[in-house]
**Q** 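Structure provided below as structure tokens; questions to follow.
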Amino acid sequence: QKEVEQNSGPLSVPEGAIASLNCTYSDRGSQSFFWYRQYSGKSPELIMSIYSNGDKEDGRFTAQLNKASQYVSLLIRDSQPSDSATYLCAVAAEYGNKLVFGAGTILRVKS
Amino acid sequence: GAGVSQSPRYKVAKRGQDVALRCDPISGHVSLFWYQQALGQGPEFLTYFQNEAQLDKSGLPSDRFFAERPEGSVSTLKIQRTQQEDSAVYLCASSTRQGRYEQYFGPGTRLTVT
């Protein structure tokens, strides 16, 4: 079993819809959780970080964390074609330590 | 301010050659990480520095891989006697470790071993 699992997709949503991306992790003691966006041929770009249970909103993005279920999600509201990318979930066992990444979910937003 | 920079951006090496990849972190960032990303996969951890100290090198795939950060700023990842399986994108990330633990990535070095 991989430490961080994501559905590879592609997840296709129409422009203006909500895109929901999910991630599960195996290390119950994990402390910090991140979502990165990666465009083809580019490096990962941090879009959200979350450290405690609940929701965290930043603009069109909402990260949700449920440590009991070992589950992290990212919601993208009003999806735009420019949101089309691979979204990587990353988890750190300790604050400030190495990240363990999932393989990423490909998101396609259709105009 | 300037982000993480890496050089070269692209490197083609013949099998058996040695290569050196450079990372210049965000100014003031104490922590520096190296990751390897194969096509279609998420980045995989290689090694981690806090200032000049290499605190974790558990992800280095073999003793052909060596990293250093002698003055606590710029870091170099060296791969000796490159093999085809070393072909990947090598990513460097830095973070402050001052209450925030986000890691910011450089553009990466794409290494192709022929």
Side-chain angles (χ1 to χ4, degrees), chain A residues 2-10 21-27 29-52 56 58 61 63 65 72 74 85-107, chain B residues 3-10 21 23-26 29-51 53-60 67 88-112:
Chain A
K2 295 188 74 173
E3 294 183 58
V4 178
E5 299 219 35
Q6 298 180 252
N7 188 319
S8 62
L21 304 160
N22 305 313
C23 169
T24 58
Y25 59 94
S26 61
D27 184 352
S30 296
Q31 298 287 347
S32 46
F33 308 85
F34 306 90
W35 284 99
Y36 286 83
R37 177 175 63 198
Q38 187 170 31
Y39 292 113
S40 180
K42 302 295 186 183
S43 63
E45 173 192 7
L46 179 68
I47 53 173
M48 289 291 286
S49 60
I50 187 165
Y51 303 105
S52 55
K56 178 181 177 183
D58 184 0
F61 299 101
L65 174 61
V72 194
L74 178 71
T86 297
Y87 288 79
L88 297 164
C89 173
V91 176
E94 297 175 13
Y95 293 116
N97 213 323
K98 65 183 179 185
L99 298 178
V100 179
F101 283 85
T105 298
I106 297 171
L107 173 66
Chain B
V4 178
S5 61
Q6 292 186 247
S7 61
R9 293 291 311 278
Y10 303 91
L21 313 180
C23 172
D24 202 338
I26 294 171
H29 277 198
V30 169
S31 297
L32 186 147
F33 301 81
W34 284 98
Y35 295 85
Q36 180 190 61
Q37 187 173 25
L39 193 64
Q41 299 298 316
E44 292 198 0
F45 170 78
L46 294 176
T47 187
Y48 158 49
F49 292 85
Q50 187 173 328
N51 295 306
Q54 189 174 20
L55 298 186
D56 187 347
K57 54 182 181 179
S58 62
L60 296 176
V89 176
Y90 290 85
L91 295 163
C92 176
S94 69
S95 72
T96 65
R97 282 189 67 88
Q98 293 176 356
R100 296 174 65 86
Y101 307 101
E102 293 90 351
Q103 293 182 25
Y104 297 91
F105 283 84
T109 295
R110 180 176 297 277
L111 173 65
T112 303

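Letters A, B, ... mirror the listed sequences (proteins, then strands); counts begin at 1. All of these numbers come straight from a predicted model, not from anything done at the bench.
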**Q** Donor-acceptor check, side chain of Gln103(B) to backbone of Asn97(A), threshold 3.5 angstrom: yes or no?
**A**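 Checked: pair present.
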**Q** For the candidates Lys98(A), Gln6(A), Gln38(A), Glu45(A), which exhibits the highest count of non-hydrogen atom pairs separated by less than 4.5 Å from chain B?
**A**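 The option with the most such pairs is Lys98(A).
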**Q** Is there a side-chain contact between Val100(A) and Phe45(B), using heavy atoms and a 4.5 Å cut-off?
**A**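 Side-chain contact under 4.5 Å: no.
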**Q** Does some side-chain heavy atom of Leu99(A) sit less than 4.5 Å from a side-chain heavy atom of Tyr35(B)?
**A**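 Counting from C-beta outward, Tyr35(B) and Leu99(A) do come under 4.5 Å.
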**Q** For Lys57(B), does the NZ atom have more than 12 heavy-atom neighbours from other residues, nucleotides or ligands under 6.0 Å away?
**A**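 Atom NZ in Lys57(B) is not packed in, count stays at 12 or less.
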**Q** Just by distance, do the side chain of Tyr36(A) and the backbone of Phe105(B) share a donor-acceptor pair under 3.5 Å?
**A**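 Judged by distance alone, no pair lies under 3.5 Å.
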**Q** Go through the atoms of Lys42(A) and report whether side chain, backbone, both or neither lie under 4.5 Å from a heavy atom of chain B.
**A**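 Looking at Lys42(A), nothing touches chain B.
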**Q** Just give me the residue among Pro43(B), Gly108(B), Gly42(B) that pairs up with chain A most often, heavy atom to heavy atom, under 4.5 Å.
**A**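 When all of Pro43(B), Gly108(B), Gly42(B) are compared, Pro43(B) has the most.
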**Q** Is chain B contacted by the side chain of Gln31(A), its backbone, both, or neither, given a heavy-atom distance below 4.5 Å?
**A**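 For Gln31(A), no heavy atom lies under 4.5 Å from chain B.
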**Q** Heavy atoms, side chains only, cut-off 4.5 Å: are Ser43(A) and Gln6(B) in contact?
**A**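 Ser43(A) does not reach Gln6(B) side chain to side chain.
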**Q** Considering only heavy atoms, which portion of Ser58(B) lies under 4.5 Å from any heavy atom of chain A: side chain, backbone, both, or neither?
**A**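 Contact with chain A involves the side chain of Ser58(B) alone.
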**Q** Let me know if Glu44(B) has heavy atoms under 4.5 Å from chain A in its side chain, its backbone, both or neither.
**A**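 Neither part, no heavy atoms under 4.5 Å.
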